[in-house]
Undergrad: 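The structure is given below, and queries will be raised subsequently.
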Amino acid sequence: MVKKNITRVAAVIGVMLAFCLPSRADEGMWIPLLLQQNQEEMQRLGLQITAEDIYSINHSSLKDAIVQFGGGCTGEVVSPQGLLLTNHHCGFGYIQYHSSVEHDYLTQGFWAQSLQEELPCPGLEVRFLKEMRDVTEPMLEGITFDMPEPIRQDSLAARAKRLQESLASPNTEVKVLPFYYGNQYYLFVYEVFKDVRLVGAPPSNIGKFGGDTDNWMWPRHTGDFSVFRIYADADNQPAPYSPDNRPYRPKKYLKIDLRGYGEGDFTLVFGYPGRTQEYLSSYGVEQILNIEDPMRVAARTARLEVIKAAMERDPAVRIQYAAKAASIANGWKKWMGEIKGIQRMNVPGSKRDYEKVFQSWAGSATGAEYAGVLPALKAAYEDLEKPLALAVIFQERVMAPEVVPFAYSFQKLCQVSKGEDTSLSLEEALEEARAKAQKFFKDYHPQVDRAVFETMLGMMENDENSALFMNMPAPDLKKALDVFYGKSLFSSPERLTAFLDKYKASDYKAIEKDPLYNYAGIMLGTYRQMVYPMLAQGRKRIDSLQRIYMKGQLAMKESGAFAGLMRVGNQNNLVLSNVGSSRFYPDANFTLRVTYGKIKGFEPADAVLYKHYTTLDGIMQKENPDIYDYVVEAKLKDLYARKDYGRYANALGEMPVAFIGTNHTTGGNSGSPVLNGEGNLIGINFDRCWEGTMSDIRYDAKICRNIMLDIRYCLFIIDKFAGATRLVEEMDIIE
Ligand code: ARG
Ligand code: ASP
């Protein structure tokens, strides 16, 4: 007992000592509505404008120039005529959509020479945030701490619905979203524009330069941008595509600053970060570190090996699988970096130290309500282990052969044929199926897919967890592959096209008899019945415990005992997570956030120093005409040889390409504007450095860096390389 008290006192003293350390900038994804609280710090770091200039309820402010681009990226308006910048990888789908063998915009790039040539992009939407409000009170009033979870959920859903409906209007989207795991609620009103057109994109060997090899890496030389334009009706209001629409006149557009920057300069990234999990318990982090990430990585390593070998053998496969391999590799590489980062920082260990402090506070009168939450979280994560592993097996192994989800998607046609689904006519369903098949087979190679299938089965064969998905009627799944790829309708464009060409309602029977369709059905059925319910239930339980834990962490900090930065004396002298930082910020949830920091190089490993920016010289150093990712356009080489950089060179006469900083960003921040202290555009965010990808779980200002495209390189490509000078003329440029 006495001994325990001494440990507790020591811990508290350790914590109190740590109060003396200055609070960190860099970390945090701040709610623009509450930015006033950061103003002083931002100004100390170099911001020359005010929080009100960034986000204002009453006037137009910088936020009126920012959009959520599509579902998962950010973009910014840079001209009075609704011109929009985002990343090349964010616009990629639309560049590809408009590309054909005759007009290969992916390879050649695309530059509309006039408004008339700008290309409509069906399905692409951009959202402007009109306003956000704190609706915590109407949402949580009368909801008690110990209310049973289902009742709580139902009443919150009903309240959110009511609030959303009360503000509904055309072209507007209203959303109520939880923050801090449901301890706070905010309401968002968006104006949605649906006529967004492709204006320009550099060739892929600029926009994707370095490809997957350089992805998540520094030094980086990717010209990762593309150009779009928002169109509106005659009254400047959102409208569906119409040839009569005109360029949108925005409330605000960003000015572009060509004067450059130096190391240590203030930067602000303003955009839509998707998902972070900074407040997990040690149990949650351990589960990601030991189960989820390694399982996903292993499955993708095997899958990529097969695909990449095939891509190397056959140029046609290389084109077919380029985008697929890129997206498989993107998560794969990030998770590997995340694992290393979490290990290096000993995140579970420092979380455990923090949890000891929390638990001892929970033993005091102010914290009593929270005494049970950590043990409950521990148990909940233990229960989640099995369903999580099964879900990852399903997602990363069972669904890896593309033909499996593809075959299953024909369920709809069956249902329409049988009259079970009346949302479409048979004609429409058939039309949809044909289009789907055409799109699928364009980038499909059955031998590659079969090799993936075999590899995945190999991984599953002697794996206890996978047994659930191996329990098939066919005696030997490997033999079944001969049937899947030799006889099924879905593995052959010829068989499927012939079938769909003369399809009549009763032919659904042939689909239902198809071996692959059946296999896919059994797999999905197994997942839906045996895995998903446990997984969803487990996640829900963790979510509600996490809400209580979060509330406890906030309460512990408010109690004053642990304000300020907290460090414990473990051997690495690690910062005890944001949980000890001077202010809390809510995890990313695809809502508009401000993050700020400074332009800064870093030390990725012992004795290695990374400079804060790259230049065109580096592109020439990486050039390799034999490696697809490192081909350099003749025109770019020519500009380089003549050092013909025009107004876009830096003070040293170099052509800067990318730079890094300490801004805390994540997936979804791609395309976000990077602003300098004056609030002008100096770059476009597009990635992070591999060593710091654990920032979604634990941010470390020493090693976490976001990667930004230098706006001067972007304009140089538009203007000097592509000659699309009309676009640059629209912009407001400071030099
Ligand atoms: N790593 C960046 C992000 O997470 C860029 C991804 C696109 N590029 C690629 N080579 N896959 O989105
Ligand atoms: N590349 C990411 C994106 O597309 C950004 C990141 O994860 O840092 O949003």
Side-chain angles (χ1 to χ4, degrees), residues 26-27 29 66-76 85-96 106 201-202 204-218 220-226 267 269-277 300 304 307-308 311 318 321-338 341 587-593 595 597 622 627-630 658-674 683-697 699 703-709:
D26 315 307
E27 177 172 2
M29 302 179 164
I66 318 299
V67 297
Q68 184 167 37
F69 182 91
C73 279
T74 306
E76 52 274 3
L85 293 177
T86 186
N87 289 148
H88 186 268
H89 78 260
C90 296
F92 194 77
Y94 288 94
I95 308 169
Q96 183 171 42
L106 279 179
S204 290
N205 57 27
I206 291 175
K208 264 181 85 67
F209 184 78
D212 282 308
T213 318
D214 283 11
N215 189 25
W216 299 113
M217 306 281 263
W218 187 254
R220 187 67 160 276
H221 299 86
T222 311
D224 199 344
F225 77 94
S226 56
T267 48
V269 176
F270 203 1
Y272 283 88
R275 185 156 184 262
T276 58
Q277 310 179 76
R300 289 193 183 198
L304 281 166
I307 294 175
K308 290 210 164 136
M311 285 170 78
R318 203 200 66 221
Y321 280 75
K324 293 184 219 178
S327 86
I328 300 168
N330 195 42
W332 170 76
K333 199 161 176 183
K334 191 213 139 176
W335 294 318
M336 285 192 287
E338 188 168 87
D587 273 323
N589 59 355
F590 286 104
T591 61
L592 187 60
R593 301 294 176 91
T595 94
K622 284 180 179 172
I627 300 179
Y628 182 77
D629 288 340
Y630 295 106
F659 59 110
I660 49 176
T662 60
N663 307 284
H664 187 184
T665 53
T666 188
N669 266 124
S670 274
S672 298
V674 182
I684 306 175
N685 188 74
F686 70 95
D687 208 2
R688 275 172 290 162
C689 296
W690 193 69
E691 294 81 359
T693 45
M694 79 294 182
S695 65
D696 291 346
I697 291 167
Y699 177 88
I703 211 158
C704 294
R705 293 292 177 272
N706 64 319
I707 308 181
M708 304 161 271
L709 173 71

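Keep in mind it's a predicted model, so treat the numbers as computed, not measured. Both counts, for ligands and for their atoms, begin at 1 and track the order of listing. Position 1 is the first residue of the sequence; numbering continues from there.
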Undergrad: Within a distance under 4.0 Å of any heavy atom of Asn669, pick out the atoms of ligand 2 and give their elements.
TA: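 That gives atoms 9 (O) of ligand 2.
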Undergrad: How far is atom 2 (C) of ligand 1 from its nearest protein heavy atom, and which residue and atom name does that atom have?
TA: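 Answer, as residue, atom name and distance: Asp687 OD1, 3.1 Å.
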Undergrad: For a 4.5 angstrom cut-off between non-hydrogen side-chain atoms, does Met29 reach Thr666?
TA: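 They are in contact (side-chain heavy atoms under 4.5 Å apart), so the answer is yes.
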Undergrad: Would you say that Asn215 contacts Arg220 through its side chain, given a criterion of any heavy-atom pair below 4.5 Å between the two side chains?
TA: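 SC-SC contact between Asn215 and Arg220 confirmed.
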Undergrad: Starting from atom 6 (C) of ligand 1, what is the nearest protein heavy atom, named by residue and atom, and what distance separates them?
TA: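 Of every protein heavy atom, Asn330 OD1, 3.4 Å lies nearest to atom 6 (C) of ligand 1.
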Undergrad: Under the 3.5 angstrom rule, does the side chain of Ser204 hit a backbone N or O of Leu106 as a donor-acceptor pair?
TA: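 Between the backbone of Leu106 and the side chain of Ser204 there is a qualifying donor-acceptor contact (under 3.5 Å).
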Undergrad: Please report the shortest heavy-atom distance between Arg688 and Gly667, naming the atom on each side.
TA: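 Nearest pair, atom of Arg688 first, then Gly667: NH2-N, 3.8 Å.
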Undergrad: Look only at interatomic distance and state if Arg688 has a nitrogen or oxygen under 3.5 Å from any nitrogen or oxygen of ligand 2.
TA: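 Checking ligand 2 against Arg688, an N or O pair does fall under 3.5 Å apart.
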Undergrad: Mind checking whether Trp216 has a heavy atom under 4.0 Å from ligand 2?
TA: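 Flag set, Trp216 near ligand 2.
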Undergrad: Which of the numbered atoms in ligand 2 are below 4.0 angstrom from a heavy atom of Gly668?
TA: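 The list of qualifying atoms is 3 (C), 9 (O).
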Undergrad: With heavy atoms only and a cut-off of under 4.0 Å, state how Asn87 meets ligand 2: side chain, backbone, both or neither.
TA: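 Neither; no heavy atom under 4.0 Å.
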Undergrad: Answer yes or no: does atom CZ of Phe590 have more than 12 heavy-atom neighbours from other residues, nucleotides or ligands under 6.0 Å?
TA: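 Yes, the 6.0 Å shell around CZ holds more than 12 heavy atoms from other groups.
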Undergrad: Backbone, side chain, both or neither: what part of His89 comes under 4.0 angstrom of ligand 2, heavy atoms only?
TA: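 Side chain only.
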Undergrad: Considering only non-hydrogen protein atoms, determine which one is nearest to atom 12 (O) of ligand 1 and report residue, atom name and distance to 0.1 Å.
TA: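 Result for atom 12 (O) of ligand 1: His89 NE2, 3.4 Å.
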Undergrad: Looking only at distances, can you tell me whether any N or O atom of Cys73, backbone or side chain, sits closer than 3.5 Å to an N or O atom of ligand 2?
TA: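 Among all N and O atoms of Cys73, none is under 3.5 Å from an N or O of ligand 2.
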Undergrad: Polar contacts were defined as any N/O atom of the residue lying under 3.5 Å from an N/O atom of the ligand; does this apply to Gly72 and ligand 2?
TA: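 No.
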Undergrad: Specify the protein heavy atom at minimum distance from atom 5 (C) of ligand 1: its residue, its atom name, and the distance to 0.1 Å.
TA: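 Result: Asn215 OD1, 3.4 Å.
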Undergrad: For atom 10 (N) of ligand 1, what is the nearest protein heavy atom, given as residue, atom name and distance?
TA: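 Minimum-distance protein heavy atom for atom 10 (N) of ligand 1 reads Asp212 OD1, 2.9 Å.
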Undergrad: When rounded to the nearest 0.5 angstrom, what distance separates CD1 in Ile684 from OG in Ser672?
TA: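 Rounded to the nearest 0.5 Å, the CD1-OG separation comes out at 10.0 Å.
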Undergrad: Return the NZ to CG distance between Lys622 and Asp214, rounded to the nearest 0.5 Å.
TA: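 Going from the NZ atom of Lys622 to the CG atom of Asp214 covers 3.5 Å.
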Undergrad: So His664 and Tyr699, would you call those rings parallel, tilted or perpendicular, with 30° and 60° as cut-offs?
TA: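 Judged by the thresholds at 30° and 60°, the geometry between His664 and Tyr699 is tilted.
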Undergrad: Within the 4.0 Å heavy-atom shell around Gly667, which atoms of ligand 2 are there?
TA: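 Within the 4.0 Å cut-off of Gly667, ligand 2 contributes 2 (C), 3 (C), 5 (C), 6 (C), 7 (O), 9 (O).
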Undergrad: Among all protein heavy atoms, pick the one closest to atom 4 (O) of ligand 2 and tell me residue, atom and distance.
TA: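 Answer for atom 4 (O) of ligand 2: Ser670 OG, 2.4 Å.
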Undergrad: So that I can confirm a possible disulfide, could you see if the SG-SG distance for Cys73 and Cys90 falls below 2.5 Å?
TA: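 Yes - the two cysteines, Cys73 and Cys90, have SG atoms within less than 2.5 Å of each other.
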Undergrad: In ligand 1, which numbered atoms sit nearer than 4.0 Å to a non-hydrogen atom of Ala326?
TA: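 Within the 4.0 Å cut-off of Ala326, ligand 1 contributes 11 (N).
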Undergrad: Looking at Lys308 and Asp212, is any side-chain nitrogen of the basic one under 4.0 Å from a carboxylate oxygen of the acidic one?
TA: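 Judged by the 4.0 Å cut-off on N to carboxylate O distance, Asp212 and Lys308 do not form a salt bridge.
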